[in-house]
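One structure is given below, encoded as structure tokens.
Ligands are counted one by one from 1 in listed order, and the atoms in each one are counted from 1 as well.
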Amino acid sequence: MNARSSEPDAGAVWPKGITLANRFARHLPGDFYAEVDPVPLPQPHLVAVSRESCALLDLDPAEFDRHELVEIFAGNRMLGGTQALAAVYSGHQFGVWAGQLGDGRAHLLAEIEASTGHWEVQIKGGGPTPYSRFADGRAVLRSSIREFLCSEAMAALGVPTTRALCITGSPQPVARETVETAAVVTRLAPSFVRFGSFEHWASQKRIDELRTLADFVIATQYPQLREEPQPYAALLKEVALRTGRMIAHWQSVGFMHGVMNTDNMSILGLTLDYGPFGFMEAFDAEHICNHSDSDGRYAYRAQPHVAHWNLYRLGNALYPLIGDVDATRKAIEDGFGPGYNDSFFALMRGKLGLAQAHASDDQLIGSLFKLMQENHPDFTLTFRTLGQLPAAVSEADRIAADAPLRDHFIDRAACDAWLAQWRARLALEPARPDAERQAAMNAANPRFVLRNWIAEGAIRAAREGDFSEISRVLRCLRRPFDEQPENAHYAALPPDWASGLEVSCSS
Ligand code: AMP
Ligand code: MG
């Protein structure tokens, strides 16, 4: 079905009980977006659906058996009574002001009031918009599978993130380094407003629009801030807090975003715009997951610093509303410092099986990262394996008991020394049975993350028309903390064939 149906079909395609809202266009003037229809794709077909995301929308996954729904999420057919929009924003890319960007390949299809809250439904890859510049407005199957799987995997890990509802595909060729095929990933978030949305108006000194946007975000996303004496400073502080928490989560699971440009930073502190992301395997704090990032601006180690830098770009943008440099700076520091540090140490304590805080924790955590930096063990397996070790062990049994972890380290003596430190720290905790602590550690240290080679396996099968591997991976990653013996292969180190995998900005 190539042509969009022109008849109004309100209620015809979307299940009963769904309430469509239209806050974005109702509250924001036309300068904030372009009304633009997606360009239909030939022969759209369903590639994958997330049941969890369906539940967020009160949508029965069985609805996807209807081809109408596939057409809607491929951009071939509109939801009745709605107009698709592309939003304008600007941003700093790789530390440099890039000017106007905007949704070059994303369309806000609809806003839905569900029992779980308010959701913007956005398709990515639906064709060009006035903000596409010289690009084609499309997304390829490869990058859509990566975004879909990672969004859902991150949510299951407890990391703040936008969600993915489904992927639709089409045989339409799309030129990247090689010719690939088109796909559309449908994303959900309460809001897709970015730091760059604010930078856009501030850079043009259009203070009225800047205020309109800030008021809109406060009213719809942060209504509790309306009563604050300084609502705009309070907004900045809250965004800084949430951004700090998000980065702490990233660091604690070894996630690297790859393109932390200010146009990819969510005003809700959600992980946004999955492109050349990666999960740390052999630990190296300098690891760069994005092949296009030759300077390592967005290396693992740099992420907290970059987020802080990005918050200063947002602070600069909000400064005309706040009107005071010190208050602007204070909002960032008061938000980001506790947001990042408190979350990071809380998450790390959980990963180490510590129920209480202790002054020495900083040192214990720091020395573990140093040990990992020197030995490059697999990030996910290191923490998961630590949870198997006993809190107390006799010297006679120690080597055997610690073997599962020691085997990941070349410098066994250094590993032993750190484990001694860890056990001494555990001894300061209120007594609790090993099994209880181990269960708590397993609930903090995932067994499964979306390793690049796992995504690659799903992509290769999908290119051959077999989408079942996407479903298998999704089923596994929606329970990342469960042992799942039947899925042990997804917990394994990268196979030899994956050693040369590179991920770039190309998507
Ligand atoms: P990114 O850093 O990948 O999130 O994208 C930066 C900017 O480029 C955003 O404004 C995107 O909408 C735009 N963009 C990226 N790829 C495309 C594409 N294939 N077609 C149109 N715009 C694109
Ligand atoms: Mg982006």
So what's ligand 1 close to, N/O to N/O, under 3.5 Å?
unit_1   : atom_1 : unit_2 : atom_2 : d
ligand 1 : 2 (O)  : N264   : ND2    : 3.4
ligand 1 : 4 (O)  : N264   : OD1    : 3.0
ligand 1 : 4 (O)  : D273   : OD2    : 3.2
ligand 1 : 8 (O)  : R133   : NH2    : 2.9
ligand 1 : 10 (O) : G102   : O      : 2.6
ligand 1 : 12 (O) : G102   : O      : 3.2
ligand 1 : 12 (O) : G104   : N      : 2.8
ligand 1 : 16 (N) : R105   : NE     : 3.3
ligand 1 : 19 (N) : D136   : OD1    : 3.0
ligand 1 : 19 (N) : R138   : O      : 3.2
ligand 1 : 19 (N) : R176   : NH2    : 3.4
ligand 1 : 20 (N) : G137   : N      : 2.7

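The distance from the Mg ion (ligand 2) to the nearest N/O/S atom of D273 is under 2.8 Å. Checking N264 against the Mg ion (ligand 2), an N/O/S atom falls under the 2.8 Å cut-off.
By the 6.0 Å and 45° rule, R297 stacks over the aromatic ring of W309. F277 carries R146 over the face of its six-membered ring, with the cationic atom under 6.0 Å from the centre and within 45° of the normal.
Using modelled atom types and a 3.5 Å distance limit, the side chains of T181 and Q172 yield no donor-acceptor pair. Using modelled atom types, one finds a donor on one side chain and an acceptor on the other under 3.5 Å when comparing D215 with Y232. Judged by distance alone, the side chains of H107 and Q122 never bring a donor and an acceptor atom under 3.5 Å apart.
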Exercise for review: Test R163 against E152 for salt bridge (charged side-chain N to carboxylate O under 4.0 Å, His left out), laying out the working first.
Suggested key: CA-CA 6 Å; R163 301 296 299 263; E152 295 305 281; 2.8 Å; yes
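A distance of 8.5 Å separates CD in E199 from CG in N316, rounded to the nearest 0.5 Å.
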